[in-house]
Amino acid sequence: MTTGILALQGDFREHEEIIRRLGIPVQQVRLPKHLDTIDRLIIPGGESTTIGKLLVKYGLIEPIRRRAGRDLAVWGTCAGAILMAHQIIDGRPEGQPNLDVMDIVARRNAFGRQRDSFEADLDVPVMGEQPVPGVFIRAPGIESVGMGVDVLARLPESKIVAARQGRLLATTFHPELTGDDRFHRYFLEL
Ligand code: GLN
């Protein structure tokens, strides 16, 4: 089956390159009809407010929401993770649309100005012993998760940076910007 990559704004090309390299066909998603042939969807990093507006403009919210976690596995990185969250805290203009498909609470720009962007080696037990390089760019944090959600990784100061709820995956960093494709392979198995 084909993996869809939401291609409205943000760094979708980097995800696309990795999925193709893994030998999986890719469909860029801009319109509802592009969802017809996919069983997986990646929502890239970028600007969550912009992507949210474009999701509404192109009529994508409802069709994604209906299938997410069921016959559509969904992975959001950074801004994508924000858009998947049940609740978004901080700096969000009133009424800003989001998909609201995953039982997590996301805080935008959780690391403030001083640590705007940084890299950290992450201990992710489901990926094996080797740490996963984490690139954080104006990253959100996952403040809390619901009962059906597994925490996959935390930073040393205990902020949650990766979580999974069945066929839904959220990472607040950017695995597509490193040479490490373990998160992409993990998502393809969900
Ligand atoms: N801070 C951005 C937002 O709120 C996310 C940054 C990113 O995706 N790299 O949308």
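Sequential numbering from 1 along the given sequence is applied to the chain's residues. Just follow the structure's listing: the first ligand is 1, and inside any ligand the first atom is 1. All values below come from the heavy atoms of this structure, side chains included, with hydrogens, waters and symmetry mates left out.
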My understanding is that only one of Leu72, Asp71, Thr3 makes a side-chain contact (heavy atoms from CB on, under 4.5 Å) with Ile38; could you say which? Leu72
Under the ring-ring contact (aromatic ring centres under 6.0 Å, His included) definition, can you give me all pairs with a residue in residues 19-50, not counting sequence neighbours? none
What residue pairs, at least two apart or across chains, pass ring-ring contact (aromatic ring centres under 6.0 Å, His included) with a residue in residues 65-86? His15-Trp75, Trp75-His184, Trp75-Phe187
Report the residues that fulfil ring-ring contact (aromatic ring centres under 6.0 Å, His included) with Tyr58, sequence neighbours left out, ordered by chain and then residue number. none
Please list, by chain and number, the protein residues whose heavy atoms come under 4.0 Å of ligand 1. Gly45, Gly46, Glu47, Ser48, Cys78, Ala79, Ile82, Arg108, Asn109, Ile137, Arg138, His174
Under a 3.5 Å threshold, yes or no: a donor from one side chain and an acceptor from the other, between Glu47 and Gln9? no
Show your working on side chain to side chain contact (heavy atoms under 4.5 Å, CB included) between Arg107 and Lys159 and close with a plain yes or no. CA-CA 11 Å; Arg107 181 182 288 278; Lys159 280 212 173 79; 6.0 Å; no
